[in-house]
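Below is one structure, written out as C-alpha cells; comments come after it.
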Amino acid sequence: MRRSIFLRRSISFLSTFLFLSGLFVAQNAAAQAGSKACIDCHSKTSPGIVHDWRLSKHSKNGVACPTCHGSLHKTAADYAKAKIPTPETCAACHPKQFDQFKSGKHALAWVAMKAMPTIHWQPMAMIEGMKGCGGCHQIGLKSKQDIMEIKKTQPGFGITSCDVCHTRHLFSVKEARSPQACRTCHTGFDHPQWEMYEGSKHGVRYALKREGILPRDAAAPTCQECHMANGNHEVRTAWGFLGLRLPPPGDKQWAADQVTILKGLGVLDPQGKPTALLAAVKAADLVRLTAPSWQHERDRMLTVCTRCHSLAYAKSQLALGDKIIKDSDHLMAEAIRTVAALYKDGVLKKPSYYPYAYPDLLTFHNAPTPIEQKLFVMFSEHRMRTFQGAFHANPDYAFWYGWSAMATDLTDIKSMAAQLRRQKASAGGI
Ligand code: HEC
Ligand code: HEC
Ligand code: HEC
Ligand code: HEC
Ligand code: HEC
Ligand code: HEC
Ligand code: HEC
Ligand code: HEC
C-alpha cells in the first residue's frame, strides 16, 4: 500500500519534472532560435561580446541577446531599435537581488548626485555622459525623466545599474565577489576605500591568499564579506559617507561641532534652522535619522567582525572609529567657524550664488576663495580619510593622509584668515 503511494507520488513528481524541463528546453530553443541572427551577425561585428556571452551562465541557460535587448533591431542599419536593459529587465529573473538592491544605498546614487546644488555647473559629459560623477553614480536607479536626459547626451548606456559589479556580458559572480569589482568607484579623492583596504592587514592577507602564499581558505575578509554578507545586495553603513548623524550624537561638544558642519553643508541655516536641503538629505538617505537605524547597521557589522574576532575586540575597534569622528569634527568645526567669522565681519562678501553669508562646503572646488577651497579639501578629503582609514584598519590613511593633514589645514586656514583680516584692515576696512 505504502509502496504504491510512494510510486504514484514518484511518477507524478517525475512527470511534473519532465513537463517543466520540457517547457524550459522549449523556451531555450525559442530563445536560441530568435538569437541566432543576432549571434551570427555580432560574431562578426563585435566578436568579443558574443565570446563573453558564450562563457556566461546566461548562454548555458538560454538567456540570449533578445532577452535583454528585445528583437526589434534586425539589421546593421536599425540598431537604434535595440533595447538597453534596465534593472527591471534583470528583476524578471532575479527578484531577490533586485529587491535587496532597491532598499540599499547604491540604489540612491543617481538621486544623491543630482541633489547636489552645483551639479548644473559640471559639464554634461561628466554627468549624463558618465565620464565623471555619472560614471560612478550610474550604479543608482534612474527615473524615466533621468533616462530621457541621458538619451539627450548619448544612446542611453549606463542605465542598467546591475552590471557595474558583475559586468557585461559575462555577468560573473566570481568577478562580483572580488574586491577589485568595487575599485573603479571606491577610490581616490574622498572615498579611497580600495587603497585603504589594499594596504590593510585584511587586504594584504587577501592578496597573499591569491598569490598562493597563504592557504586558499585562510581568513581574509573582502569588501563584499563585510558589506554584502550572505550575498545581501542591500548596502548601507552606520555613519555613511558624511560621518554625520541626525539628531547629532549625545555628547554636547560633539553635537555642537556636528551642527557647525551641518551649517557648512547648508542643511541647517547659520541660525541652526533646517533648510530645504534637509529634505534632499532625507530623500537620499545621506545620514541615519534615528539612533536605532544607526545601531541596526552597527550591529549588522559587528556580526560580520565576530566571524573572526571576539565581540569585545570588534566593539572596541569600531568605538575607536567613532571617537576619531568626534575628534576630527572638533578640528573641522573650528575651521568652519574661522571662515564663517570672515563673512560675519565683512572680510569676505557673500557671492550671489551662496544662500547665506556663510561658507558653503557643497560648492566643492568652485568655492569662491582659496581659503574656502582649503576648507572643502579639509572636509572632503582629509576628514573623510581620517575616519574611513580608521574603519578600514589602515593607520597610514587614518593618520598621515587624514588626521595629520587636517591639523595642517587648520593651521593654514587660521593663517590665511589672519592675512585676509590684515589686508582688509590696511585697505581701510575694519
Ligand atoms: C545584420 C547584422 C546585425 C544583426 C542581425 C543584429 N545586429 Fe545588433 N548591431 C549591428 C550593428 C552593425 C550595430 C552597430 C554597431 C556599431 O555601432 O559599431 C549593432 C548594435 C547593437 C546594439 C547596440 C545598440 C546601440 O545603440 O549602439 C545592441 C544592443 C545589439 N546590436 C543587439 C542585437 C540583438 C539583440 C540582435 C538580435 C535580435 C542583433 N543585435 C542583431 C548588427 C547586427
Ligand atoms: C543578461 C542581459 C544581456 C544579455 C543576455 C545580452 N546583453 Fe548586451 N548588454 C547588456 C547590458 C546590461 C548592456 C549595457 C547597458 C548599459 O550600458 O546600461 C549591454 C550592451 C550591449 C551592447 C552595447 C554596448 C557595447 O559594449 O558596445 C551590445 C552591442 C550588446 N549588448 C550586444 C549583445 C549581444 C550581441 C548579445 C547576445 C550575444 C547580448 N548583448 C546579450 C545586457 C545583456
Ligand atoms: C530570463 C531570465 C534572466 C534574465 C532576464 C537575467 N538573468 Fe541572470 N541568470 C539567469 C539564469 C537562469 C542564471 C543561471 C543561474 C544558475 O546557474 O544558478 C543567471 C545567472 C546570473 C548571475 C550569476 C552568474 C554566475 O557566475 O554564477 C548573475 C550575476 C546574473 N545572472 C546577473 C544578471 C543581470 C545583471 C541581469 C540583467 C542585466 C540578468 N542577470 C538578467 C536568468 C536571467
Ligand atoms: C559604479 C560605481 C560603484 C561600484 C562598482 C560600487 N559602488 Fe559602492 N557606492 C557607489 C556610490 C556612488 C555610492 C554612494 C551612493 C549613495 O549613497 O547615494 C556607494 C555607496 C556604497 C556604500 C554605502 C556607504 C553608506 O553611505 O553607508 C557601501 C557600503 C558600498 N558602496 C560598498 C560597495 C562595495 C562593497 C562594492 C563592491 C562589491 C561597491 N560598493 C561597488 C558606487 C559604487
Ligand atoms: C570615482 C567615482 C566617483 C566620482 C567621480 C564621484 N563620486 Fe560621488 N560617490 C562615490 C562613492 C563611491 C560614494 C560613496 C562613498 C562613501 O560612502 O564613502 C559617493 C558619494 C557621494 C555622495 C554622498 C551620497 C550619500 O548618500 O552619502 C554625493 C552627494 C556624491 N557622491 C556626489 C557626487 C558628485 C556631485 C560628483 C561629481 C562632482 C561625484 N559624486 C563624483 C563615487 C564617485
Ligand atoms: C555593488 C556590487 C553589485 C551590484 C551593484 C549588484 N550585484 Fe549582484 N552580486 C554582487 C556580489 C558581490 C554577488 C555575490 C554574492 C555572494 O557572495 O553570493 C552578486 C551575486 C549576484 C547573483 C548571483 C546570485 C547567486 O547566488 O548565484 C545575481 C543573480 C545577481 N547578483 C543579480 C544582481 C542584480 C539583478 C543586480 C541589480 C539589481 C545586482 N546583482 C547588482 C554584487 C553586486
Ligand atoms: C573588515 C571589514 C571591512 C572590509 C574588508 C571593508 N570594509 Fe568598508 N567599512 C567597514 C566598517 C566597519 C565601516 C564603518 C561602518 C560604520 O559606519 O560604522 C566601513 C565603511 C565603509 C563605507 C562608508 C564610508 C567609510 O569609509 O567609512 C564604504 C563606502 C565602504 N566601507 C566601502 C568598502 C569597500 C569598497 C571595501 C573594499 C575595497 C571595504 N569597504 C572593505 C568594514 C569593512
Ligand atoms: C574573515 C575574517 C575577518 C573578518 C570578518 C574581520 N577580520 Fe579583522 N582581521 C582578520 C585577520 C586574519 C587579521 C590579521 C590578524 C593580525 O594582524 O594578527 C585582522 C586584522 C584586523 C585589524 C588589524 C590588527 C593589527 O594588528 O593591525 C583590525 C583593526 C581588524 N582586523 C578589525 C576588524 C573589524 C572591525 C572587523 C569587522 C568590521 C573585522 N576586522 C573583520 C580577519 C578578519
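Each ligand, and each atom within it, is numbered from 1 in the order the structure gives.
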task = Using the test ring-ring contact (aromatic ring centres under 6.0 Å, His included), find all partners of Phe98 that sit at least two apart in sequence or belong to another chain.
result = none
query = So which protein N/O/S atoms does atom 8 (Fe) of ligand 1 have within less than 2.8 Å?
reply = His42 NE2, His73 NE2
note = A student checking ligand 6 against Cys90 at a 4.0 Å heavy-atom cut-off should list atoms 35 (C)
query = Any chance OH of Tyr353 has more than 12 other-residue heavy atoms, nucleotides or ligands included, within less than 6.0 Å?
reply = yes
inquiry  = Does Arg385 qualify as a cation-pi partner of Tyr397, given the criterion of NZ or CZ under 6.0 Å from the six-membered ring centre and within 45 degrees of its axis?
reply    = no
Shortest non-hydrogen separation from Gln388 to Asp190 and the atoms involved = NE2-O, 3.2 Å
ask   = In terms of side-chain geometry, is the basic nitrogen of Asp329 or Arg383 positioned less than 4.0 Å from the acidic oxygen of its partner?
value = yes
ask   = Would you say ligand 3 has an N or O under 3.5 Å from any N or O of Lys57?
value = yes
Close approach, Ser172 and ligand 3, non-hydrogen under 4.0 angstrom = yes
key: Protein heavy atom at shortest distance from atom 17 (O) of ligand 6   = Arg177 NE, 3.0 Å
ask   = Is there a side-chain contact between Asp285 and Arg236 (heavy atoms, below 4.5 Å)?
value = yes
ask   = At what distance is the nearest protein heavy atom to atom 37 (C) of ligand 6, and which residue and atom is it?
value = Cys162 SG, 1.9 Å
request  = Indicate yes or no: does Lys36 engage Asp40 in a salt bridge with an N to O separation below 4.0 Å.
outcome  = yes
query = Would a 4.0 Å cut-off, counted as strictly less than, catch a protein heavy atom around atom 34 (C) of ligand 1?
reply = yes
key: Vertex atom 8 (Fe) of ligand 6, rays to NE2 in His233 and NE2 in His166 - rounded to 10°   = 180°
ask   = What residue and heavy atom of the protein are closest to atom 11 (C) of ligand 6, and at what distance?
value = Ala176 CB, 3.5 Å
ask   = Which ligand 6 atoms are under 4.0 Å away from a heavy-atom of Phe101?
value = 5 (C), 38 (C)
message = When you compare ligand 3 with His58, is there at least one nitrogen or oxygen pair between them that comes in under 3.5 angstrom?
response = yes
request  = May I ask you to check whether Asp360 and Thr363 show a side-chain donor-acceptor distance below 3.5 Å?
outcome  = no
ask   = Is there a protein heavy atom less than 4.0 Å away from atom 26 (O) of ligand 6?
value = no
query = Tell me: protein heavy atom nearest atom 22 (C) of ligand 6, and distance?
reply = Gln97 NE2, 3.9 Å
ask   = Where is the tightest heavy-atom contact between Thr118 and Leu362, given as atom of each residue plus distance?
value = OG1-O, 3.2 Å
request  = Taking only heavy atoms of Gln224 into account, list the atoms of ligand 6 that are under 4.0 Å away from them.
outcome  = 12 (C)
inquiry  = Taking 4.0 angstrom as the limit and counting only heavy atoms of Gly70, give me the atoms of ligand 1 inside it, by number and element.
reply    = 35 (C), 38 (C)
request  = State whether Lys315 and Asp322 are salt-bridged, where the test is any N-O pair (Lys NZ or Arg NE/NH1/NH2 against Asp/Glu carboxylate O) under 4.0 Å.
outcome  = no
query = Does ligand 3 have any atom sitting under 4.0 Å from a heavy atom of Asp163?
reply = no
message = Only heavy atoms of Thr89, strictly under 4.0 Å: list the atoms of ligand 3 that pass.
response = 5 (C)
Atoms in ligand 1 with a heavy atom of Ala37 nearer than 4.0 Å = 5 (C)
ask   = For ligand 6, which atoms have a heavy atom of Phe98 less than 4.0 angstrom away?
value = 38 (C)
Protein non-hydrogen atom found under 4.0 Å from atom 20 (C) of ligand 1 = yes
ask   = Can the ring centroids of His58 and Phe171 be said to lie less than 6.0 angstrom from one another?
value = yes
Residue pair Ser293 / His296, side-chain donor-acceptor N/O under 3.5 Å = no
inquiry  = Under 4.0 Å from a heavy atom of Cys93: which atoms of ligand 3 are those, numbered in the order shown and with their elements?
reply    = 1 (C), 2 (C), 3 (C), 4 (C), 5 (C), 42 (C), 43 (C)
query = Among protein heavy atoms, which lies nearest atom 15 (C) of ligand 6, and at what distance?
reply = Gly231 CA, 3.6 Å
query = What is the nearest protein non-hydrogen atom to atom 2 (C) of ligand 6, stated with its residue, atom name and distance?
reply = Cys165 SG, 1.9 Å
inquiry  = Counting non-hydrogen protein atoms only, what is the nearest one to atom 42 (C) of ligand 6? Give residue, atom name and distance.
reply    = Met228 CE, 3.5 Å
request  = Only one of Lys144, Lys142, Lys114 passes salt bridge (charged side-chain N to carboxylate O under 4.0 Å, His left out) with Glu149; say which it is.
outcome  = Lys114
query = Would Arg245 count as a cation-pi partner of Trp239, with NZ or CZ less than 6.0 Å from the six-membered ring centre and within 45° of the ring normal?
reply = yes
query = So which heavy atom in the protein is nearest atom 5 (C) of ligand 1, and how far is it from that ligand atom?
reply = Lys74 O, 3.2 Å
note = Ranked by distance from atom 23 (C) of ligand 6, the top protein heavy atom is Val173 CG2, 4.0 Å
key: Ion pair Asp269/Lys263, N-O distance below 4.0 Å   = no
Pair Glu175, Thr167: side-chain N/O donor-acceptor within cut-off below 3.5 Å = yes
query = Can you tell me if an N/O/S atom from His94 lies under 2.8 Å from atom 8 (Fe) of ligand 3?
reply = yes
query = Is Lys323 paired with Asp327 through a side-chain N to carboxylate O contact shorter than 4.0 Å?
reply = yes
inquiry  = Looking at Lys105 and Val235, would you say the former's side chain and the latter's main chain have a donor-acceptor pair under 3.5 Å?
reply    = no
ask   = Of all heavy-atom pairs between Phe391 and Leu318, which one has the smallest distance, and what is that distance?
value = CE2-O, 3.6 Å
query = Between His106 and ligand 6, which part of the residue brings a heavy atom under 4.0 Å of the ligand: side chain, backbone, both or neither?
reply = side chain
